[in-house]
Each structure stands twice: as structure tokens, then as C-alpha cells.
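Given the structure is predicted, the values throughout are model-derived calculations rather than measurements.
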Amino acid sequence: MTYKDEITMGNTQLAQDPKTRFIGYGLLKGRAMGTLSGVPENQIVEMPVAENLLLGVAIGMSLTGLKPVVFIERMDFLMNCMDALVNHLDKIKDISQDEFNPKVIIRCIVGNTKKPLYTGATHVQDFSEALRKMVNIPVYQLTDPGMAKVTYSVVPERAKSAIIVEYKDLM
């Protein structure tokens with residue numbers, strides 16, 4: 001099975017839970033590069049291009065019992081939602097004295113450098129190590145298909161949020 005097949009299967013498995021919502025922009029049309037092809041349309045929340053808003057909405061949905069999966073098309077754009085990530089999602093359990101514990105999965109893609117249509121230096125950065133230093137949220141780098149399969153089966157069962165880093169060059 002290919003890397004993309006494993007990621008698609010992982011997202012299809014996440015969608016088996018009716019409380020799961022996939023949040024992002026261009027999801028209804030492009031289905032996150034086809035990786036949401038097995039996800040029912042009623043579980044997709046189409047949003048404007050506003051990454052901080054995407055994560056803020058996901059945090060709110062999580063607090064109501066939904067299980068949001070935020071799709072950030074390029075990891076570089078994750079920098080646009082650092083306030084929601086570092087100051088809210090990562091800290092809300094502590095600042096609420098354990099009253100709230102949102103669980104959000106963030107999928108972000110490191111853009112392609114080897115395939116045609118190279119998207120440029122502002123679309124291919126990998127901030128995984130920096131994120132590990134800034135937040136207490138696990139960062140999973142999917143560097144091969146086997147990792148995708150394991151990660152997408154383990155992450156939903158965890159009590160914490162998670163950041164899943166995918167690599168377009170492997171798709």
C-alpha cells in the first residue's frame with residue numbers, strides 16, 4: 001500500500017466515528033489531495049483561508065464533544081495559527097485547572113521539493129523540531145507508509161491533541 005493510501009485509509013477510519021469533523025479550506029473540492037475521499041460530506045467543515053480561525057473553531061468543537069481534524073495544506077501555514085496552538089490548545093488544560101482538555105488532531109503537509117510543480121521555499125519548511133520545543137503536544141512525522149498506518153490507528157485513542165506531519169514528496 002502506498003503512503004497516500006495509508007493516509008487515506010487512516011482518515012477514512014477516523015471518519016467511522018460520527019463525532020469526527022474534518023476542518024479546512026478546499027476540502028469539499030480537493031478532499032485534501034484525495035486523502036478524504038472516504039469521508040462523508042456531512043463530516044467536512046469547509047472554512048475560509050484563515051488558519052488561526054481553523055484551529056480556534058476546532059478547539060471550540062472539541063470542547064463540545066466533537067473530534068476535529070484540522071487540515072493545514074502546508075506546514076508553513078501552521079505559523080499563522082501559533083497563538084491558538086501555543087497559547088490555547090497547548091495550555092487550556094492547565095489554565096482551566098483540568099476542567100477542559102480539548103483533543104484536536106492537526107494534519108499539516110510539508111510541500112514537495114522533488115516532484116513537478118515545486119511550490120517554492122515558503123511551502124516546504126518542516127517545523128517539527130521547533131514545535132516539539134514550543135508545545136507539549138506530540139508531533140508525529142510520517143516519513144514512510146508504515147508510520148502513517150500506525151499513527152492514524154494510535155492517535156485517536158490518545159488523551160491528548162496531536163500534530164501529524166505528512167510529506168508531499170512521499171505521496
Asks: Nearest heavy-atom pair of Leu142 and Leu170: which atoms, and what distance?
Replies: O-CD1, 3.8 Å
Asks: Kindly write out the residues that satisfy ring pair (Phe, Tyr, Trp, His ring centres under 6.0 Å) with His123, not counting sequence neighbours, or none if the list is empty.
Replies: Phe77
Asks: Compare every heavy atom of Ser37 with every heavy atom of Thr8, then report the nearest pair and how far apart it is.
Replies: CG2-OG, 3.6 Å
Asks: Please walk me through it: do Ile163 and Cys108 pass side chain to side chain contact (heavy atoms under 4.5 Å, CB included)?
Replies: CA-CA 7 Å; Ile163 299 169; Cys108 52; 4.0 Å; yes
Asks: Mark yes or no for whether Asn52, through its side chain, and Ala84, through its backbone, hold a donor-acceptor pair below 3.5 Å.
Replies: yes
Asks: Quick check for you: to the nearest 0.5 Å, what is the distance between Asn80 atom CG and Leu55 atom CG?
Replies: 11.5 Å
Asks: Do any N or O atoms from the side chain of Lys93 and from the backbone of Lys160 form a donor-acceptor pair under 3.5 angstrom?
Replies: no
Asks: Of all the heavy-atom pairs spanning Ser62 and Pro102, show the shortest one and how long it is.
Replies: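 It is OG-CA, 3.2 Å.
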Asks: Closer than 3.5 angstrom, by distance alone: can the side chain of Glu46 be matched with the main-chain N or O of Leu28 as a donor-acceptor pair?
Replies: yes
Asks: Indicate, with yes or no, if Leu85 and Phe100 share a hydrophobic cluster defined by side-chain heavy-atom contacts under 4.5 Å among Ile, Leu, Val, Met, Phe, Trp and Tyr.
Replies: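 In one cluster with Phe100: Leu85, yes.
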Asks: May I ask you to test the Pro48-Leu53 pair for a side-chain heavy-atom distance under 4.5 Å?
Replies: yes
Asks: Does a side-chain heavy-atom distance below 4.5 Å link Glu73 with Ile109?
Replies: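 Heavy-atom side-chain distance check fails, nothing below 4.5 Å.
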Asks: Which pairs with one or both residues in residues 25-70 pass ring-ring contact (aromatic ring centres under 6.0 Å, His included), sequence neighbours excluded?
Replies: none
Asks: Can you tell me how far apart CG (Leu78) and CD (Gln125) are? Round to the nearest 0.5 Å.
Replies: 11.5 Å
Asks: Can you measure from CD1 (Ile23) to CG (Leu66) and round to the nearest 0.5 angstrom?
Replies: 8.5 Å
Asks: Transitively linked via ILVMFWY side-chain contacts under 4.5 Å: Ile44 with Met9?
Replies: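 Per the 4.5 Å side-chain linkage, Ile44 and Met9 are not co-clustered.
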Asks: Are Met47 and Val49 connected, step by step, through hydrophobic side chains (Ile, Leu, Val, Met, Phe, Trp, Tyr) whose heavy atoms are closer than 4.5 Å?
Replies: yes
Asks: Kindly compute the distance separating CZ (Arg74) from CE (Met79), expressed to the nearest 0.5 Å.
Replies: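 Reported value, rounded in 0.5 Å steps: 14.5 Å.
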Asks: Look at the side-chain heavy atoms of Ile, Leu, Val, Met, Phe, Trp and Tyr, link any pair under 4.5 Å apart, and say whether Ile72 and Val86 land in one connected group.
Replies: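 Yes, because Ile72 and Val86 connect within a single hydrophobic cluster, where side-chain heavy atoms sit under 4.5 Å apart.
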Asks: Report yes or no: does Asn112 contribute a side-chain atom to a donor-acceptor pair with the main-chain N or O of Lys168 at less than 3.5 Å?
Replies: no
Asks: Between Met75 and Leu131, which heavy-atom pair has the shortest distance, and what is it?
Replies: CE-CD1, 3.5 Å
Asks: Taking the side chain as every heavy atom from C-beta outward, state whether Phe71 and Leu54 have any atom pair closer than 4.5 Å.
Replies: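 Side-chain contact under 4.5 Å: no.
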Asks: Would you find a donor on one side and an acceptor on the other, under 3.5 Å apart, between the side chain of Glu6 and the backbone of Ala148?
Replies: no
Asks: Give me the atom names and distance for the closest heavy-atom approach of Phe22 to Leu14.
Replies: CZ-CB, 4.0 Å
Asks: Is it true that a side-chain atom of Glu51 and a backbone atom of Met82 form a donor plus acceptor pair closer than 3.5 Å?
Replies: no
Asks: Please examine the side chains of Val57 and Arg21, heavy atoms only from C-beta on, and report whether any two atoms are closer than 4.5 Å.
Replies: no
Asks: Return each pair, listed once, that meets ring-ring contact (aromatic ring centres under 6.0 Å, His included) where at least one residue sits in residues 130-169; pairs must be two or more places apart or across chains.
Replies: none
Asks: Using 0.5 Å steps for rounding, measure from the CD1 atom of Ile137 to the CD1 atom of Ile105.
Replies: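 Rounded to the nearest 0.5 Å, the CD1-CD1 separation comes out at 12.0 Å.
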Asks: Calculate, to the nearest 0.5 Å, the distance between atoms CE and OH belonging to Met147 and Tyr3 respectively.
Replies: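 So the CE of Met147 and the OH of Tyr3 are separated by 8.5 Å.
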Asks: Keeping the roles fixed (side chain from Arg107, backbone from Glu166), state whether a donor-acceptor pair exists under 3.5 Å.
Replies: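 Judged by distance alone, no pair lies under 3.5 Å.
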Asks: Are Met134 and Leu89 co-members of a hydrophobic cluster defined by side-chain heavy atoms under 4.5 Å apart?
Replies: yes
Asks: So does Leu36 get a backbone contact from the side chain of Arg31, meaning a donor-acceptor N/O pair under 3.5 Å?
Replies: yes
Asks: If every non-hydrogen atom of Ala58 is compared with every non-hydrogen atom of Val70, which pair is closest and at what distance?
Replies: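 Result for this residue pair: CB-CG2, 3.3 Å.
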Asks: Should we count NZ of Lys19 as having more than 12 external heavy atoms under 6.0 Å?
Replies: no
Asks: Side chains of Ile7 and Met33: closer than 4.5 Å at any heavy-atom pair?
Replies: no
